[in-house]
Amino acid sequence: MAPVNNIVQINNNDHPPKYKVTIVGSGNWGSVASKLIASNTLKLSSFHDEVKMWVFEETLPSGEKLTDVINQTNENVKYLPGIKLGHNVVADPDLENAVRDANMLVFVTPHQFMEGICKKLIGKIRSDAQAISLIKGMEVKKEGPCMISTLISQQLGVNCCVLMGANIANEIAVEKFSEATVGFRGNREIAENWVQLFSTPYFMVSACQDVEGVELCGTLKNIVAIAAGFVDGLDMGNNTKAAIMRIGLREMKAFSKLLFSSVKDSTFFESCGVADLITTCLGGRNRKCAEAFAKNGGKRSFDELEAEMLQGQKLQGVSTAKEVYEVLKHKGWLEMFPLFTTVHEICTGRLPPTAIVEYSEHAPKFPIAVNSDAFQ
Ligand SMILES: NC(=O)c1ccc[n+]([C@@H]2O[C@H](COP(=O)([O-])OP(=O)(O)OC[C@H]3O[C@@H](n4cnc5c(N)ncnc54)[C@H](O)[C@@H]3O)[C@@H](O)[C@H]2O)c1
Ligand SMILES: O=P(O)(O)OC[C@H](O)CO
């Protein structure tokens, strides 16, 4: 494979230059990403075999450090038990050390930790590094919403693509077929390099020149998954759930286009769009915890349910609903997005879970009739 512009690769005189990959994050999806990447770096001559994986260090009930156990057993026993990551994956609890030599950085942590991680990495990464974010979420700042890839680009001064898709990590871990979408702007060659690094016969990746659209799909579907979980918890059946998914997709598209007029309709038909929405609403963690929340009539908090049901894994939908609500409120768009608005109001206890399908002055009025091009 030809070297990509802007990346000065580690070189010596005897061998062609190679890319060096570090994964920042080692949760459920981070571990599966390591497995995918590590299988490819062994096969592709343009990459160094070794893949570093930064681990947010923790002590296991056995008293051992998670990093030590990963390096001894080649398994992330906490976040992806039973799956070998590949002997060329090296876990490192030292963030600076983990990124020092890498010119391909893969970011895959729960979104709420990324601002702190970026601050620690300022001035610590190679000047020729490229980045990709697998993180589904956004930040809301005083100046307005900020996508995680933008946060990474701005804070670290790197180009940042995204990879999103219908990707429940545990299914990919056991090599069940799925697809994913790399979102990029500008240089297609860089995107193709990421596609090559992730693609396997059971993980089919394609590139799409719409970084904002791809990332917003991955981010916003988590709010719809919470709504789908409420419907499941209320035993409302498949028709209701399909209605929620349709209305949710419509709000995802409208919100994305109002934020970024460049977002393409076709992006919603990629794996990152409708396919991810479906899989998350059927089998994701957001759905599962929201189902339990509704079954308990909203009396047990999401924090409590997350800790009990996910054992250290993190939900993204509840905080994303809050972040999107802040944007909607600030822009005066609350009434245009009844599903997004209602999910947040249920999560915060202002409305009961049943409000997800009730017609009242506070709850969704479906189907919504909004006079905006974004809804066309
Ligand atoms: N799991 C999936 O099926 C899946 C699939 C596609 C995308 N994603 C997205 O990937 C991103 C990462 O998800 P995941 O499933 O790998 O993680 P996860 O939900 O398993 O999260 C736990 C991770 O957070 C780390 N962590 C805890 N406290 C931390 C702190 N203070 N600072 C830094 N890290 C801390 C833990 O060590 C662990 O690695 C999310 O945005 C998620 O939406 C997940
Ligand atoms: O388990 P969830 O709800 O975080 O969703 C996981 C992935 O995003 C599905 O693509």
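All values derive from a computational prediction rather than experimental measurement. Nothing fancy with the numbering, it's 1 onward along the sequence. One-based numbering, in listed order, for ligands and for the atoms of each.
At a heavy-atom cutoff of 4.0 Å, ligand 1 is contacted by both the backbone and the side chain of Asn28. Counting heavy atoms under 4.0 Å from ligand 1, residue Asn170 does not touch it at all. Of the heavy atoms in Lys136, both backbone and side-chain atoms come closer than 4.0 Å to ligand 1. Only side-chain heavy atoms of Arg285 come within less than 4.0 Å of ligand 1; its backbone N, CA, C and O stay farther off.
By heavy-atom distance, the residue among Leu95, Thr219, Thr109 lying nearest atom 11 (C) of ligand 1 is Thr109. Comparing Leu315, Leu134, Ile23 by heavy-atom distance to atom 9 (C) of ligand 1, the nearest is Leu134. Comparing Gln316, Gln313, Lys136, Lys221 by heavy-atom distance to atom 5 (O) of ligand 2, the nearest is Lys221.
Classified by interplanar angle (parallel below 30°, tilted 30° to 60°, perpendicular above 60°), the ring pair Trp54/Phe56 is perpendicular. Note: Tyr325 and His344 have tilted aromatic rings, judged against thresholds of 30 and 60 degrees for the angle between ring planes.
Here is the list of ligand 1 atoms found below 4.0 Å of a heavy atom in Ile168: 3 (O). Ligand 2 places these atoms under 4.0 Å from at least one heavy atom of Gly165: 10 (O). Short contacts between ligand 2 and Asp276, defined as distances under 4.0 Å to a heavy atom of the residue, involve ligand atoms 9 (C), 10 (O). Listed by number with element, the atoms of ligand 1 under 4.0 angstrom from any heavy atom of Ile135 are 41 (O). Near Asn286, meaning under 4.0 Å from one of its heavy atoms, ligand 2 places the atoms 2 (P), 3 (O), 4 (O). The distance from ligand 1 to the heavy atoms of Gly30 drops below 4.0 Å at these ligand atoms: 16 (O). Applying the 4.0 Å criterion to heavy atoms of Ala169 picks out, from ligand 1, the atoms 1 (N), 2 (C), 3 (O). Close contacts of ligand 1 with Gly312, meaning ligand atoms under 4.0 Å from a residue heavy atom, involve 22 (C).
Residues Thr150 and Gln154 bring no donor and acceptor atom of their side chains to less than 3.5 Å of each other. Using a 3.5 Å distance cut-off with no hydrogens or angles, the side chains of Gln209 and Arg185 do not pair a donor with an acceptor. For the residue pair Thr267 / Asp210, a side-chain donor-acceptor distance below 3.5 Å is found, with atom types taken as modelled. With no hydrogens or angles considered, a side-chain donor-acceptor pair links Gln316 and His111 at under 3.5 Å.
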Please evaluate residues Glu215 and Lys136 with respect to the criterion salt bridge (charged side-chain N to carboxylate O under 4.0 Å, His left out), reporting the C-alpha separation (whole Å), side-chain torsions for both, the decisive distance (0.1 Å), and the verdict. CA-CA 7 Å; Glu215 192 168 4; Lys136 294 174 175 174; over 6 Å; no
Where do Lys288 and Glu306 land on the salt bridge (charged side-chain N to carboxylate O under 4.0 Å, His left out) test, with the steps shown first? CA-CA 10 Å; Lys288 181 175 161 180; Glu306 178 189 70; over 6 Å; no
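At distances below 3.5 Å, not a single donor-acceptor pair connects side-chain atoms of Glu115 with backbone N or O atoms of Gln112. With Ser271 contributing its side chain and Gly165 its backbone, the two residues share no donor-acceptor pair below 3.5 Å. Checked by atom type and distance alone, the side chain of Asn40 never pairs as donor or acceptor with a backbone atom of Thr200 at under 3.5 Å.
For the side chain to side chain donor-acceptor pair (under 3.5 Å) test with Arg287, the passing option among Asp232, Thr280, Asn222, Thr279 is Asp232; the others fail.
Aromatic rings of Phe47 and Tyr19 (six-membered ring for Trp) have centroids within the 6.0 Å cut-off, being under it.
Residue Ile117 has no N or O atom closer than 3.5 Å to an N or O atom of ligand 1. Any N or O atom pair closer than 3.5 Å counts here, and Asn222 shares no such pair with ligand 1. An N or O contact shorter than 3.5 Å links Trp29 to ligand 1 by distance.
In terms of protein heavy-atom proximity, atom 1 (O) of ligand 2 is nearest to Arg285 N, 2.7 Å. Among all non-hydrogen protein atoms, the one lying nearest atom 43 (O) of ligand 1 is Gln316 CG, 3.4 Å.
The closest approach between any non-hydrogen atom of Ser26 and ligand 1 is below 4.0 Å. Glu58 counts as a contact of ligand 1, since one of its heavy atoms falls under 4.0 Å from the ligand. Contact annotation: Gly25 has no heavy atom less than 4.0 Å from any atom of ligand 1.
Remark: Asn71 CG to His87 NE2 distance equals 13.5 Å, nearest 0.5 Å.
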